[in-house]
Amino acid sequence: MNAFTVDVEDYFHVAALSSVVSRDSWSTRESRVEANTERLLGVLAERGVRGTFFVLGWVAERSPSLVRRIAAAGHEIACHGYAHQLVYRQQLREFRQESVRAKSCLEDLIGEAVLGYRAASFSLTRDSLWALDVLIDLGFRYDSSVFPIHHDIYGLPGAAPEPNQLRAPSGRTLVEFPMSAARFLGVPVPVSGGGYFRILPYWLTRAGLRQINRQRNRPFTFYVHPWELDPGQPRVKVGGLARFRHYTNLARCESRLRRILSEFKFTSMREALRLQGLLTA
Ligand SMILES: [Zn+2]
């Protein structure tokens, strides 16, 4: 069973657009996260899939009923931090405050403990491993922020590709479900969702995910953002790589998602980690 995950944020929260979208402007922009998440919930209900929704604290504070609706539909609620700041650009104190704020907001809304955490833009890198100790202190039971590849914004090259116990600087461990990459001709190819899912041909994603399940005999994690199903979202004027990453194939994403949901078996990340014997909660 693979982990199906959603990072619940709006189109203007994305790190790739942050050079032209200031945090001060967020509250004046048209919010589309509720409608887009509802659409995603509809696709998942149609396919009978329950997943994990990593919700941004900023969104949860403004759309509490959305969080309750996701939970009521049987999905796991997990935490995507508060304001989508890259962890390696934060001080420990700020990271801790924001994580507490997001986690307690979500827990108040759903009335149960939030166990899982995913950093904005997978920003758990060599420079921010200290964050693992903060997450352990705050009672998180697992993290899903490590991308074991080289990338300009994120990445922990050489990290274990399978779900594992990741060691924090203090020596304690936290369960980690890393983002999935396949290997073709020795080259790691990220096939775990998001921009890769929209940009790479579908057959390549499918071949990579099959390789992980069948040849390596382990589950993969797949992620999508609500804004990726919204080709009508307001366009932000940004150039080059950022534009390519954010806007390519938005119109194809929903049909591809239906395909992937029918071709692989998915559950929540919490359940997938339980089945791996890594979580007992
Ligand atoms: Zn995000």
Side-chain angles (χ1 to χ4, degrees), residues 3-23 25-26 29 31-34 36-37 39-40 51-63 66-67 70 75-90 94-95 98-99 101-103 105-106 114 116-125 128 131 135 140 142-147 149 151-156 176-180 190 192-199 221-230 233 236 238 241-248 250 253 257 269:
F4 187 85
T5 69
V6 181
D7 292 353
V8 183
E9 64 197 35
D10 227 320
Y11 60 97
F12 50 78
H13 292 125
V14 177
L17 305 182
S18 63
S19 61
V20 288
V21 178
S22 74
R23 184 168 164 181
S25 73
W26 289 359
R29 291 179 187 266
S31 172
R32 298 172 70 97
V33 67
E34 291 201 24
N36 291 336
T37 304
R39 202 162 150 188
L40 199 44
T52 295
F53 284 62
F54 293 91
V55 184
L56 200 63
W58 194 92
V59 170
E61 285 183 356
R62 284 158 184 81
S63 305
L66 178 67
V67 178
I70 298 168
H75 302 286
E76 177 190 7
I77 298 290
C79 180
H80 193 34
Y82 182 75
H84 218 264
Q85 304 301 299
L86 300 172
V87 178
Y88 54 78
R89 295 226 179 108
Q90 289 193 298
E94 185 192 10
F95 175 76
E98 292 208 338
S99 303
R101 183 172 177 180
K103 186 174 192 273
C105 171
L106 293 168
V114 164
Y117 181 85
R118 175 172 290 153
S121 300
F122 315 110
S123 53
L124 196 71
T125 64
S128 53
L135 296 175
F140 285 102
Y142 73 86
D143 173 75
S144 180
S145 310
V146 168
F147 224 133
I149 57 162
H151 187 277
D152 58 332
I153 299 179
Y154 49 77
L156 200 58
E176 173 67 34
F177 200 140
M179 307 314 292
S180 302
S192 35
Y196 303 108
F197 182 57
R198 284 180 288 113
I199 293 163
T221 177
F222 189 85
Y223 71 95
V224 66
H225 301 92
W227 56 262
E228 292 186 287
L229 276 66
D230 181 13
Q233 65 189 267
V236 174
V238 67
L241 191 56
R243 185 164 79 190
F244 178 69
R245 281 176 176 162
H246 192 90
Y247 295 113
T248 300
L250 290 176
C253 191
L257 189 60
M269 188 161 274

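Both counts, for ligands and for their atoms, begin at 1 and track the order of listing.
Within the coordination shell of the Zn ion (ligand 1), defined by N, O or S atoms under 2.8 Å, H80 is present. For the Zn ion (ligand 1), the N/O/S atoms of E9 include one lying under 2.8 Å.
For the pair E176 (side chain) and S145 (backbone), a donor-acceptor distance under 3.5 Å is present. With hydrogens and angles ignored, the 3.5 Å screen pairs no side-chain donor or acceptor of R198 with any backbone N or O of C253.
For R29 and W26, the positive end is not near the middle of the six-membered ring at less than 6.0 Å and at most 45° from its axis.
Of all N/O/S atoms in H84, NE2 sits nearest the Zn ion (ligand 1).
For R62 and S31, the side-chain atoms include no donor-acceptor pair closer than 3.5 Å.
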